[in-house]
Amino acid sequence: MLKEYEKIDKFMNLLEKSGVAEIIKSVKQKDEMCKGRKGYNPYNLFAAIVYCFAKFKGTLRDIEDKCMFDIRAHYIMEGNIPDHSAIGNFINKYILPNQYEIFTLINKQIIKELNLNIDNVYDDGTKFEANANKYKFVWKPAKFHQKLDLKIKEFIIIIGYNIVFEENKQIKASEFNEILNDYINQNNVNIYDIPSGIGCRRTKEEKNYLLGFQYLTKLLEYEEKENICGENRNSYFKTDKDATAMVLKEDYYSRLSHDFHAGYNIQVMVSSLLILMYGVFQDRTDHYTFIPMNDKFKMYYGFYPKNECADAGYGIYTNYQYIKEHNIGNYVKYQSWEGESTGKHPRLFKVDNNDVICLNSKIGKDYKTNTHPKIKDSKFVIFDGCNSCSYSYKCKEFMKEENKDKDYRIKEISIEYELLKDEAKNNLLSPKGIEIRINRSIQVEGTFGQIKQNMNYERIRRRGLNKVSCEIMLMCLGVNIRRYFYSIDDNKFKKIVGIHPMIYSLKFFQV
């Protein structure tokens, strides 16, 4: 136990040097004149929570049990045993509002003590199942809202209002409510004395009001659902409105089921086996998580990564522009990388001196068309003589049948995007790029393996985006503290980080 106590003392010393205590002290505590039990030492309670997330499950009940029965957690709490409700209130009051500051301060101290090199940063994401009922999801009623909007506009004209509606603009519930109230006042309809039941007779005005009221209640329902979903997602769950319907990786790869589950998209940035930044998103893909993650990295560390490596899920035009704008080393794969590297789907078009060249070394000519472009900053080019081309079968493999027999092909292409992909390709195929690619699969994939397998964390326990983000922060901090403890034993952590990634990967697979 003396060795364990020494580790805990170093861990407490790490927290003290990081400056986390100042953040905890800045949180307003209860008034000293307030009667009741004396509160726990917030600094010791914070250390106990982080330690339990690093070593154990990290649930509120588990932390309470460990403070009671585990000698190490008992040592950190100096014999005090907090209740699970007190632990939950502490997390919500102290940690949740300052989660990013706490996380980065401790990381900076670990980097300083272990003298880690964080020039190369690796990105990846995964989906965790949310704490929501499985079949309580709600789809965004976009199509139903459009149909209802047409019915309401027709209804407004039928009841005698000559209103010119703006094109492609839906009427709001507040606007329709004003029209309905005006109709009631003009026709003296008593909405509290409308007859109901079998054989009752209603006036035309009363029937119009009841129909309009049905439309209004349905419109309010649709607007509420669309406000909850927001612009970037199409579903939510009743028991956790921030969770989104997703197909989890376990279901996808096992091919046992493709049912939708409530989930969150968890993103991490790893360097030297240390999680430097985390993020919780509602996006079902990784395309638009790259820029927010790097903005957070810059906000809390004061600089952008020197080199950044990620898989093809991040290789879109806007992300490449962001990398170029902020002078980040581009080691991000693009979406057709695997097909090109294996030769299964070779690159059909490339750019040389602003000329678009096809696989048969023909230069495309600019083509003017009224077709709306699908790619940002793109242009259309045309290639002639496709029927005599020996690569025509590959070039037109995914085209419609009626277009395969044509002796030309029109291609929409972005010159800048192709040049950025060429830059990424050259970097990835360089010796440094090969080393970074091998290291990415070790570090960031190994981090998720550590969380899911070794720490047995596969399902989120809290509900709501902010609370889920705080829980993920504590889990990521637990991973870093585990690796910090691992470094204390004969400096094993620094040795693994310092060796060549190919040697480490061989050792990894042997184990």
Side-chain angles (χ1 to χ4, degrees), residues 5 7-34 36-68 70 72-113 274-278 280 296 299-302 461-462 464-485:
Y5 287 151
K7 286 184 183 180
I8 292 172
D9 290 337
K10 289 183 180 180
F11 166 63
M12 298 293 287
N13 191 32
L14 172 75
L15 296 181
E16 185 178 354
K17 289 181 179 179
S18 66
V20 174
E22 299 300 323
I23 295 176
I24 294 175
K25 288 178 183 177
S26 66
V27 179
K28 186 178 179 181
Q29 302 181 20
K30 67 179 182 180
D31 191 358
E32 293 180 357
M33 300 297 294
C34 179
R37 295 181 181 179
K38 186 178 179 181
Y40 300 102
N41 186 338
Y43 182 71
N44 290 348
L45 185 55
F46 171 76
I49 291 170
V50 174
Y51 184 83
C52 289
F53 266 89
K55 289 289 187 179
F56 311 111
K57 285 184 179 180
T59 63
L60 300 182
R61 299 278 184 176
D62 185 64
I63 295 171
E64 179 185 356
D65 291 342
K66 292 300 182 287
C67 291
M68 185 182 298
D70 190 84
R72 296 163 293 185
H74 198 74
Y75 176 72
I76 294 173
M77 285 300 299
E78 297 178 349
N80 295 315
I81 303 171
D83 184 63
H84 64 275
S85 60
I87 298 169
N89 293 332
F90 178 85
I91 292 174
N92 294 333
K93 184 178 179 180
Y94 286 81
I95 302 177
L96 192 149
N98 307 297
Q99 51 182 297
Y100 285 102
E101 292 84 353
I102 291 171
F103 184 73
T104 50
L105 282 174
I106 295 174
N107 280 346
K108 289 176 183 177
Q109 187 60 34
I110 294 175
I111 293 168
K112 183 179 178 181
E113 287 194 11
L274 200 71
I275 302 175
L276 299 181
M277 186 52 64
Y278 67 96
V280 180
K296 285 181 183 177
M299 182 186 299
Y300 291 101
Y301 286 95
R461 306 181 184 106
R462 290 164 177 80
L465 194 62
N466 291 331
K467 291 185 178 180
V468 170
S469 179
C470 182
E471 181 180 332
I472 295 299
M473 184 277 287
L474 290 170
M475 186 57 61
C476 293
L477 192 58
V479 173
N480 292 346
I481 296 301
R482 272 172 86 104
R483 288 171 172 171
Y484 176 75
F485 283 141

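Computed from heavy atoms alone, side chains included, the values below leave out hydrogens, waters and symmetry copies. Owing to the predicted nature of the structure, the values given are computational and were not obtained by experimental measurement.
When all heavy atoms of Tyr40 and Ile81 are compared, the closest pair comes out as OH-O, 3.0 Å. Nearest approach of Lys296 to Met277, heavy atoms of both residues: O-CE, 3.8 Å. The two atoms that bring Ala47 and Ile76 nearest to each other are CB-CG2, 3.8 Å, heavy atoms only. Between Tyr75 and Asp9, the shortest heavy-atom contact is OH-OD1, 3.0 Å. Heavy-atom minimum distance, Ile91 versus Cys470: CG2-SG, 3.8 Å. Closest heavy-atom contact between Pro42 and Phe90: O-CZ, 3.2 Å.
At least one donor-acceptor pair closer than 3.5 Å links the side chain of Tyr43 to the backbone N or O of Glu16. Side-chain atoms of Asn480 never come within 3.5 Å of backbone atoms of Leu274 as a donor-acceptor pair (strictly under, hydrogens ignored). Arg482 contributes a side-chain N or O that, together with a main-chain N or O of Ala54, makes up a donor-acceptor pair within less than 3.5 Å. Counting only distance, with no hydrogens or angles, the side chain of Ser469 and the backbone of Asn466 share no donor-acceptor pair below 3.5 Å.
Under the rule for a ring pair (Phe, Tyr, Trp, His ring centres under 6.0 Å), the partners of Phe11 that lie at least two apart in sequence or sit in another chain are Phe485.
Contact annotation: the side chain of Leu45 never approaches that of Asn80 to less than 4.5 Å [non-hydrogen atoms, C-beta and beyond]. Counting heavy atoms from C-beta outward, Asn41 and Met77 have side chains that stay 4.5 Å or more apart. Residues Leu477 and Gln99 form no side-chain contact, since every pair of their non-hydrogen atoms from C-beta on lies 4.5 Å or further apart. Using a 4.5 Å cut-off on side-chain heavy atoms (C-beta onward), Tyr51 and Ile481 make no contact. Counting heavy atoms from C-beta on, the side chains of Asn107 and Phe103 come closer than 4.5 Å.
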Test side-chain contact (heavy atoms from CB on, under 4.5 Å) applied to Val20 and Asn98, step by step: CA-CA 10 Å; Val20 174; Asn98 307 297; over 6 Å; no
side-chain contact (heavy atoms from CB on, under 4.5 Å) assessment of Glu113 paired with Lys17: CA-CA 10 Å; Glu113 287 194 11; Lys17 289 181 179 179; 4.0 Å; yes
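Considering NZ of Lys112 and OG of Ser18, their distance stands at 11.0 Å, rounded to 0.5 Å. We find the CZ-CG distance between Arg462 and Leu60 to be 5.0 Å, quoted to the nearest 0.5 Å. A distance of 13.5 Å separates OH in Tyr5 from CE in Met12, rounded to the nearest 0.5 Å. Atom-to-atom distance recorded for Asn13:CG and Lys10:NZ is 10.0 Å, nearest 0.5 angstrom. Between the CG atom in Leu96 and the NZ atom in Lys467 there is a gap of 8.0 Å [rounded to 0.5 Å]. Separating the CG atom in Asp70 from the CD1 atom in Ile63 is a distance of 12.0 Å, to the nearest 0.5 Å.
Applying the salt bridge (Lys or Arg N to Asp or Glu O under 4.0 Å) test to pairs two or more places apart or on separate chains, those with a residue in residues 54-68 are Asp62-Lys66.
Defined by atom type and a distance below 3.5 Å, a donor-acceptor pair is missing between the side-chain atoms of Tyr484 and Gln109.
Checked against a 6.0 Å centroid threshold, the rings of Phe46 and Tyr94 do not count as neighbours.
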